[in-house]
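Note sheet for the following structure.
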Amino acid sequence: MTTDGSITANLTPLPDKVGVEGLEDKWTKDWEKNQTFAFQGDRDRKAVYSIDTPPPTVSGHLHVGHVFSYTHTDIIARYKRMRGYDVFYPMGWDDNGLPTERRVQNYYGVRVDTSLKYDPGFKPPFEGTSSKRIDARDQVPCSRQNFIELCGKLSAQDEQQFKDLWIRLGLSVDWKNSYHTIGERARRVAQKGFLRNLARGEAYQKEAPGLWDVTFQTAVAQAELESREYPGSYHKLAFHKSDGSGDVCIETTRPELLPACVALIANPDDGRYKDLFGTTVLSPLFGVEVPVLAHPAAEMDKGAGIAMCCTFGDVTDVSWWRDLHLPTRAILLRNGRINPETPDWIATAHGREVYAAMSGKTTFSARKVLVEALRESGEMIGEPQPTTRMTNFYEKGDKPLEIITSRQWYLRNGGTDMDLRRQLLDRGAELRFHPDFMRARYGNWVNGLNTDWLVSRQRFFGVPFPLWYPVKTDGVVDYDHPITPSEDRLPIDPTTDVPEGFTEEQRDQPNGFTAEKDIMDTWATSSMTPQIVTHWDEGDGLFEKTYPMDLRPQGQDIIRTWLFSTIVRSHLENHVLPWKDAALSGWILDPDHKKMSKSKGNVVVPKEPIDKFGADAVRYWAACARLGVDATYDTGQMKIGRRLAIKLLNATKFALGIGREDENHHVGQSAQGVWNPADVTEPLDKAAMAKLASVVRRATTALDEFDHAKALNLIETFFWEFCDDYIELVKNRAYGTADDHDDVPSEAAVASARTTLGLGLDAFARLFAPYLPFATEEIWHWMHAGEGSVHRAAWPDADAYESIAADASVSILDNAGAALAALRKVKSEARVSMKTPILSVTLKAMPQGVRDIEAAFGDVLQAGKVTGEARLAELGDEDIAAAGIEADATQTAYDKAAADHLVLTSDAELGEPLAKKKKN
RNA sequence: GGGCGAUUAGCUCAGCUGGUCAGAGCGCCACGUUUACACCGUGGAUGUCGGGGGUUCGAACCCCUCAUCGCCCACCA
């Protein structure tokens, strides 16, 4: 659009019959060929809009939820592009972490062994040709580097599925900017980020009890916890007072931890146990002497009011153990089994016998052994009472977490440092959440942190810590003095790379070095996606043009992980918020309002609806849902989207087709090949432009506020009004004919209608472009062949339409439309064809309505096929009352307003219906 | 237990700072092959705005309270 609002147009042949089929294929190829969505990168930060796209888990399954949230992002990307931004819209693939590790293990029959060297000629035993699951024992060990290579190979296939879907859906991603979370750049950024954290003291290691998953045999972070209901039983056990004066009974759901008991704890104010504080008791079965102590965290109304503290049954035990300086008596191994070696603190023969019976067993089996022994000894009071309690699980695990002492790396995230916490809360306040109420989840989470971020995992596949440790002369590893590589070597794998100043022969030797074998939490990499995609610290200039980024779209379920951890990293590394806006999408619910998830088996594969309704239609369904609002999977909504796309094609074909035979009034081809705003002279046409200006203005505001659904609703509503009322009203005038009427419209009036139709449909192509990229591209090329893509065209400018409208009132369109509807109603109620002429009629409206209808009277009469006398009169009070509009004195202003667009007819006289064709 | 959100027509959902605020589409009923569209058009019917209080001239909207549903966090003796 030029500054005066004129729009050039080139005509191409129009199809006889339009349809949405085939558009996706056609335009996808065109966009690829012309690199329509390529990031240009030649302008400064202000002219760039950068998006931190969520990398989908490639080993996961596609479902319509993906389509939903990625469509929301794409709408914004396309909108910003039309607003003139150079849109930086990369795509990542998440192939780092446990899901991929498991998939690669099973697919190729391999597992990582960090003691192995990289073997360039390594061939996996399987290629996924066998459907048989490979037993873990038969998996062939390979080096981490070989595993990463296999992962890359397999991910490439999985990615292709996602990429195909994204392309089919019309995501305007720049495919040249894609990344892998296990790829070289991601590993380098994650390692560099960590080394910087380490240098600044933000990363530290600590030997401490922590939550541990016995299945995966790794520590897990607070952010990966999930509370689930878990069945258990209360066991009432009798401890014996050391002075022989009787028993103290406690209740526990973990009797198998009895050998790990280090104290009994009660509340200092609990009168029942006051006298016992400072004394000792002997544990049942094992006869281990433990103190009875007071601690305020003990709750009087829980269980017996006195608890046994074991090392470690739960996090409360840990805090008691720490606060009261209790000894450590761990009996649980990392694999979740009871240590086979009988601990030396169990002295009695009977105790050692019982322990021997439970040693080496899982906690579940050990509990059975112990309960039986307690029954026999009579030290269990009554039978176990079944109960259900909430227990912490690793989100990917199916056994309750245990607490195991281990050396782990932590990253400060405000969990222990209140000053940092405040800073991070401030960052949260600075970020614009869409919708805003999602902000509460951020604050909720940050305020609830109780530890720093545990970033080390005892897994094999992932980004390794870029660390070695010195081995002392006596062969002991000196963890306190980690050896780091220089940054220019990154990424490295310490299990195969050698630290500067050492040789490979010194690996694991006295006076040599040893590798840190742990890998980083997958979020330790994902938290740096902004730095990864913007080429942080690479010196190629991209970072300065794209960072801090503009938008982070993501799911609401990962606010505590991805969103929070990204803020942590950016805050620590770049001292800035990583993006201005965060857009949170809701869930997809199935038609029964259940959340769609693989485990529920109610997942819809996205290909189905796209095949059936078309990509534009599926996008329409997604676009109808606001951010943060759960949406029902609704094929009915997709049908409406499909209908909208078809309507858009038809309406445009019609408007462009009018006057094609007429050389002088070719729509879009005036002498200068433009739709010239000066040609819009008729009041009705100006009113349509006025309405368009208002819709553009409001839709633009809505999109600026990330309310794509509201913008769509505004555009769509006006589009249907434009079709049903405006086009119907001006149809005859645009044709320049007057079959049923004496007055042939003037050339100026014809040009006014045609120009308005052209300007209007041009505007709709642009307005719908972010939503229906395929249909709009199609019609765009009917109008603007050779001018490139609608997706690189300018977003409509409300001011330009407003100046075309000049002083015309929007209400002319409203009232002329209402008058046409009133005339249609006459025919509809008489059950005759809309073609039936009206011989005479009186139209009644409010005073403004009368003026408005008068301004478009010719069009109204033409469209209504009024051939005879038409009278225009003001509505009387009795008419208004008859229409059911109350005229209460105190509310006159508002009820009169309700009558503003009320148009009634009276004394209508219908002509002969045109001869009906006989039904065959 | 703490927090966030939702509850409007049979269905899916809009409804902004309290006054165009009882709305849209689907579905339903009736009519109509009209030179863009039968993948259609036109017209119509449909609601104690979850319940109960309160504030106000006026409440779907603000306040209190209860209920139901969903989610987040905490709850492991």
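Quantities reported herein were computed from a predicted structural model and do not represent experimental measurements. Heavy atoms only: backbone and side chains are in, while hydrogens, waters and symmetry mates are out. Chain letters run A, B, ... following the sequence lines, proteins first and then strands; every chain starts at 1.
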With a 4.0 Å cut-off on heavy atoms, is A:I640 in touch with a base, just the backbone sugar-phosphate, or nothing at all? sugar-phosphate
Any base atoms under 4.0 Å from A:K647, or only sugar-phosphate, or nothing? Heavy atoms, all strands. base
Using atom NZ of A:K835 as one end and atom P of B:G32 as the other, report the distance to the nearest whole Å. 14 Å
Between A:R626 and A:K827, whichever has its closest RNA chain B nucleotide further toward 5' is A:R626
Is A:C723 touching bases, backbone alone, or none of the nucleic acid, heavy atoms closer than 4.0 Å? base
What's the closest nucleotide to the A:E21 side chain, out of B:U42, B:C76, B:C39? B:C39
When all nucleic acid strands are considered with a 4.0 Å heavy-atom cut-off, which category describes A:Y230: base, sugar-phosphate, or nothing? nothing
Side chain of A:R831 only, heavy atoms from C-beta on: which candidate in B:A30, B:G3, B:C76 is closest? B:A30
Picking from B:G3, B:A74, B:C75, which would you name as closest to the side chain of A:N444? B:G3
Can you tell me the Watson-Crick or wobble partner of B:A74, both distances under 3.5 angstrom? none
Under 4.0 angstrom, heavy atoms only, what part of the nucleic acid is A:N447 near: base, sugar-phosphate, or nothing? nothing
In whole angstrom, give me the gap between the C1' atoms of B:A38 and B:A45. 24 Å
Donor on one side chain, acceptor on other, A:T252 and A:H235, under 3.5 Å: no
Comparing A:K17 with A:V629, nearest RNA chain B nucleotide closer to 5' gives the residue A:V629
From CD1 of A:I559 across to C1' of B:G3 the rounded distance in Å is 13 Å
Does a side-chain N or O from A:K639 land closer than 4.0 Å to OP1 or OP2 of B:G25, or not? no
Work out how far the P atom of B:G19 is from that of B:A59, and round it to whole angstrom. 11 Å
Across every strand shown, the nucleotide meeting Watson-Crick or G-U wobble geometry with B:C40 (both distances under 3.5 Å) is B:G32
Looking only at side-chain atoms of A:M834, point me to the closest of B:C39, B:U34, B:C72. B:U34
From the list B:U12, B:U42, B:C76, which nucleotide is the closest neighbour of the side chain of A:T632? B:U12
Could you check whether A:D814 pairs with A:K691 (Lys NZ or Arg NE/NH1/NH2 to Asp/Glu carboxylate O, under 4.0 Å)? yes
Between A:F768 and the options A:Y620, A:F718, A:F774, A:F719, the ring pair (Phe, Tyr, Trp, His ring centres under 6.0 Å) test singles out A:F719
Checking all strands, does A:W720 fall into the base, sugar-phosphate, or nothing category for heavy-atom contacts under 4.0 angstrom? sugar-phosphate
Hey, are A:R228 and A:E226 close enough for a salt bridge, meaning a charged N less than 4.0 Å from a carboxylate O? yes
Presence of salt bridge, A:E728 and A:R733, under 4.0 angstrom: no
Using Watson-Crick geometry (N1-N3 plus N6-O4 or O6-N4) or G-U wobble (N1-O2, O6-N3), each under 3.5 Å, B:A24 is paired with B:U12
Output the rounded distance in Å from CG (A:L584) to P (B:C72). 13 Å
Could you tell me how far B:A60 sits from B:U7 if I compare only their P atoms? Round to whole Å. 15 Å
Distance check, P atoms only: B:G44 and B:A24, in whole angstrom units. 10 Å
Would you mind reading off the distance between A:R228 atom CZ and B:C72 atom P, rounded to a whole angstrom? 12 Å
Any idea which heavy atoms bring A:A304 and A:I250 closest together, and the distance? CB-CA, 4.2 Å
What integer number of Å spans the C1' atoms of B:U20 and B:G15? 12 Å
Distance-only donor-acceptor test, A:E716 side-chain atoms vs B:A24 base atoms, 3.5 Å: no
Looking at A:K653, I'd like to know if its NZ atom is crowded, meaning that more than 12 non-hydrogen atoms belonging to other residues, nucleotides or ligands lie closer than 6.0 Å. yes
At under 4.0 Å between heavy atoms, what does A:R643 touch on the DNA or RNA strands: base, sugar-phosphate, or nothing? sugar-phosphate
Reckon A:R824 touches a base, only the sugar-phosphate, or nothing at all at heavy-atom distances under 4.0 Å? sugar-phosphate
Working to the nearest 0.5 angstrom, can you tell me the gap between A:T836 OG1 and A:K865 NZ? 10.0 Å
Residue-phosphate contact under 4.0 Å: A:K825 side-chain N/O, B:G44 OP1/OP2: yes
Within the structure shown, what part of the strands sits under 4.0 Å from A:S227 by heavy-atom distance: base, sugar-phosphate, or nothing? base
Touch class at under 4.0 angstrom, heavy-atom based, for A:A821 against every strand present: sugar-phosphate
Whole angstroms only, please: what is the CG-C1' distance between A:N650 and B:U34? 15 Å
Rounded to whole angstrom units, what separation is found between the CZ atom of A:F654 and the C1' atom of B:G41? 14 Å
Separation of A:F719 atom CZ from B:C37 atom P, in whole Å? 14 Å
Using atom C1' in both nucleotides, what's the gap between B:A30 and B:C66 to the nearest angstrom? 45 Å
Between B:G27 and B:A67, how far is it from one P atom to the other, in whole Å? 39 Å
Starting at atom CG of A:D317, determine the distance to atom C1' of B:C75, rounded to an integer number of angstrom. 15 Å
Which letters describe nucleotides 6-11 of chain B, given B = protein heavy atom under 4.0 Å from base, S = only from sugar-phosphate, - = neither? ------
Base, sugar-phosphate or nothing for A:Q556? Non-hydrogen atoms, less than 4.0 Å. nothing
Would you call A:E829 and A:R824 a salt bridge, using N to O less than 4.0 angstrom? no
Watson-Crick or G-U counterpart of B:G5, or none if no pair lies under 3.5 Å: B:C69
Within this structure, what is the CG-CG distance for the pair A:L326 and A:L293, rounded to the nearest 0.5 Å? 6.0 Å
Suppose you measure atom P in B:C49 against the same atom in B:G23; what distance do you get, rounded to whole Å? 14 Å
Nearest to side-chain heavy atoms of A:R441, which nucleotide of B:C76, B:U42, B:C71: B:C71
Side chain to side chain contact (heavy atoms under 4.5 Å, CB included) with A:F564: which of A:L449, A:I558, A:I559? A:L449
